K.L.:
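If you scroll down you'll find the structure; I have some questions about it.
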2 protein chains.
Amino acid sequence: TIYLVTPTYARLSQKVDLLRMSHVLRLAGNVHWIVVEDSQQKTRLVEKLLENSGVPFTHLVQETPTEMQRKICKVVDPRQGCPRSNLGKPEQLWKHPRGVEQRNAGLAAVRAINPPNGVVYFADDDNTYSLELFRAMRSTKKVSVWLVGLSGKMRYEGPITENGVVVDWHAGWRPDRPYPLDMAGFAVAVSEILRRPELKFDARAQRGWLESHFLQSILKDKSEMEPIGMDCQCVLVWHTRTEKIELKEESKAPSDPSIEI
Amino acid sequence: TIYLVTPTYARLSQKVDLLRMSHVLRLAGNVHWIVVEDSQQKTRLVEKLLENSGVPFTHLVQETPTEMQRKICKVVDPRQGCPRSNLGKPEQLWKHPRGVEQRNAGLAAVRAINPPNGVVYFADDDNTYSLELFRAMRSTKKVSVWLVGLSGKMRYEGPITENGVVVDWHAGWRPDRPYPLDMAGFAVAVSEILRRPELKFDARAQRGWLESHFLQSILKDKSEMEPIGMDCQCVLVWHTRTEKIELKEESKAPSDPSIEI
Ligand SMILES: O=c1ccn([C@@H]2O[C@H](COP(=O)(O)OP(=O)(O)O)[C@@H](O)[C@H]2O)c(=O)[nH]1
Ligand SMILES: O=c1ccn([C@@H]2O[C@H](COP(=O)(O)OP(=O)(O)O)[C@@H](O)[C@H]2O)c(=O)[nH]1
Ligand SMILES: [Mn+2]
Ligand SMILES: [Mn+2]
């Protein structure tokens, strides 16, 4: 079983992002979807979506502590409103990495399930997943890695291999990081999570360093990683984002707030 | 069978858009995917994707005539290059609606298949589709309509009904158009296409008027339309876009052009 840990929060694209993700997970089969809402309480939107997804799931809630929220509400999301504490504090912008507390809640959930085997993958709600990705990562013994498309302002990012061993990285920004890869670019064996009860993401990590910090607790060197999809030089997942839209025409005609989007 | 007519062209998100679409179509079942590439010849990328999609398909090519292309290549797409003819002609920007010739090629393909029954739906590559949409549109007798999310700079656009009859429209921009709805917001019975051999989209139509022109050839009034998903007030499809990215870091590290994204 692949345990997918997915942080999610109220944004205009939340439903479409989770919906598209549910489709590929349903096709993949033999997965368990741990969805962690960044909100005060579980929402009906996510609850219904999971119930209708046809995918086995665990639905959790873990709000990001106020001081770690780095959103500035100049534009107020009509669905979410604006947390008072954030108004007019521009220094919080881009300060903290996103989804950290949620992924840690997901790790705790995996430990509670305590599966005899399997793989853990940190799968953001808005990325694009191939079926081949899930097929390939099931073989993970310790930590597997692969190419991530449209990541880091590059066509792709990921390992460079020689004779099946990771020898270098294709990365633009700070290639000197210990593991210069995207959250979407690796999976970890459940056993590695279970044997390290303290292992988690560090919310104080700077943006871009989260993955490196985490992987350094598991690995001594990149040569220990298991590169997958490199035989075909295949990009298996893409760091996509759904375009943000401004609801400029909303003022012209009253929309029914009870209609869910 | 639902005949989906999907225009597509080389952009950074082409593969991810088509891939996510293929997932929901595979789950929907009993569809036939008519994919029309806006390019000089069929590409290996689309060909492979369709072959691996698990969805019955027809793969066509129909290039938009140069004078109808409205893209200005200030930023050159590394995958596509820039058609010479477009360089420095800013007056072409936003002039013509997109995907018109491709949808017409799709209509011709439906006529060639000449199915005894079924439904035709114009499904852009980058939208987000629910499984309920495909379930619901199979009942289409003439023209069915429903709510489209994240469309027209509104939360949603679509019909307003009374006792199951379309009486008005929820639309921001030019609600006075005969049929102020999105391309993603309606489906047409195959029989209506077959009985009108000349019916097609008008490439000279102004942006926003394409749907109205087309539907005026089939319908006398909105009351003839079959609203679906209105019992649950459900948005069945969303006019999403995949965020465009700039490959700013590409210059720092050479990426392997043979790796497909
Ligand atoms: O305040 C936030 C912002 C983001 N996320 C989640 O964290 C992950 C990464 O966020 P995002 O996709 O916005 O980051 P980006 O793609 O821009 O790196 C996604 O699953 C989001 O749903 C969250 O839980 N709370
Ligand atoms: O030059 C073009 C531009 C667009 N399209 C296709 O036409 C449809 C609508 O285009 P797009 O999604 O860019 O339009 P928008 O969502 O911005 O209305 C999509 O299926 C595109 O792949 C095309 O075939 N050629
Ligand atoms: Mn994201
Ligand atoms: Mn589109």
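Proteins get letters first, then strands, A, B, ... in listed order; numbering begins at 1 in each. All figures in this text were calculated on a predicted structure; none of them were measured in a lab. Any value given below was found using the heavy atoms of this structure, including those in side chains, with hydrogens, waters and symmetry copies removed.
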K.L.:
Measure from the ring center of Tyr121(B) to the ring center of Trp146(B) and say whether it is less than 6.0 Å.
P.N.:
yes

K.L.:
Can you pull out the residues in residues 49-57 of chain B with any heavy atom less than 4.5 Å from chain A?
P.N.:
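No residue falls under the 4.5 Å cut-off.
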
K.L.:
With a 4.5 angstrom heavy-atom cut-off, which part of Pro175(A) approaches chain B: side chain, backbone, both or neither?
P.N.:
neither

K.L.:
Could you look at Ser22(A) and say if it's the side chain, the backbone, both or neither that has a heavy atom under 4.5 Å from chain B?
P.N.:
neither

K.L.:
List the atom of Glu226(A), the atom of Ser139(A), and the distance in Å for their closest heavy-atom pair.
P.N.:
OE1-O, 4.0 Å

K.L.:
Mind checking the CD-OH spacing from Glu211(A) to Tyr179(A)? Nearest 0.5 Å is all I need.
P.N.:
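One gets 13.0 Å once the value is rounded to the nearest 0.5 Å.
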
K.L.:
Quick one: which of Ala253(A), Gly149(A), Cys234(A) has the most heavy-atom pairs under 4.5 Å with chain B, could you say?
P.N.:
Ala253(A)

K.L.:
Apply the test side chain to side chain donor-acceptor pair (under 3.5 Å) to residues Thr240(B) and Thr128(B): give CA-CA distance (whole Å), side-chain angles for both, the deciding distance (0.1 Å), then the verdict.
P.N.:
CA-CA 6 Å; Thr240(B) 44; Thr128(B) 303; 2.8 Å; yes

K.L.:
Counting the benzene-type ring for Trp, do Phe214(B) and Phe122(B) have ring centres under 6.0 Å apart?
P.N.:
yes

K.L.:
Against chain A, label Ser251(B) side chain, backbone, both or neither, depending on which of its atoms sit under 4.5 Å from a heavy atom there.
P.N.:
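Interface part for Ser251(B): neither.
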
K.L.:
Does this structure show an ion pair linking Lys48(B) with Glu260(B), if we count only N-O contacts that are shorter than 4.0 Å?
P.N.:
yes

K.L.:
Using side chain to side chain donor-acceptor pair (under 3.5 Å), reason through Gln14(A) and Thr8(A) one step at a time and then give a plain yes or no.
P.N.:
CA-CA 7 Å; Gln14(A) 182 177 34; Thr8(A) 187; 3.0 Å; yes

K.L.:
Would you mind checking which part of Ile259(A) comes under 4.5 Å of any heavy atom in chain B, side chain (CB onward), backbone (N, CA, C, O), both or neither?
P.N.:
both

K.L.:
Do any N or O atoms from the side chain of Lys42(A) and from the backbone of His59(A) form a donor-acceptor pair under 3.5 angstrom?
P.N.:
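Yes; at least one donor-acceptor contact below 3.5 Å.
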
K.L.:
Under 4.0 Å between a Lys/Arg side-chain N and an Asp/Glu carboxylate O for Asp17(A) and Arg20(B)?
P.N.:
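So Asp17(A) does not pair with Arg20(B) through a salt bridge.
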
K.L.:
Based on non-hydrogen pairs under 4.5 Å, which of Met21(A), Lys244(A), Lys153(A), Lys252(A) is most in contact with chain B?
P.N.:
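If we count pairs closer than 4.5 Å to chain B, Lys153(A) comes out on top.
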
K.L.:
Suppose a student defines contact as a heavy atom less than 4.5 Å from any heavy atom of chain B. Which residues in residues 162-171 of chain A would they list?
P.N.:
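When heavy atoms of chain B are the reference, residues 162-171 of chain A contributes His170(A), Ala171(A) within the under-4.5 Å range.
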
K.L.:
Between Leu150(A) and chain B, with a heavy-atom cut-off of 4.5 Å, which part of the residue counts as in contact: side chain, backbone, both or neither?
P.N.:
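Looking at Leu150(A), backbone and side chain both touch chain B.
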
K.L.:
Hey, is the main chain of Ala123(A) close enough, under 3.5 Å, to the side chain of Thr6(A) for a donor-acceptor pair?
P.N.:
yes

K.L.:
Taking NZ in Lys248(B) as the centre, count heavy atoms belonging to other residues, nucleotides or ligands within less than 6.0 Å. Is the count above 12?
P.N.:
no

K.L.:
Checking Glu243(A) against Arg241(B) for the salt bridge (charged side-chain N to carboxylate O under 4.0 Å, His left out) test, could you report, in this order, the C-alpha distance in whole Å, the side-chain angles of both residues, the deciding distance, and whether it holds?
P.N.:
CA-CA 5 Å; Glu243(A) 196 174 278; Arg241(B) 294 194 183 96; 3.7 Å; yes

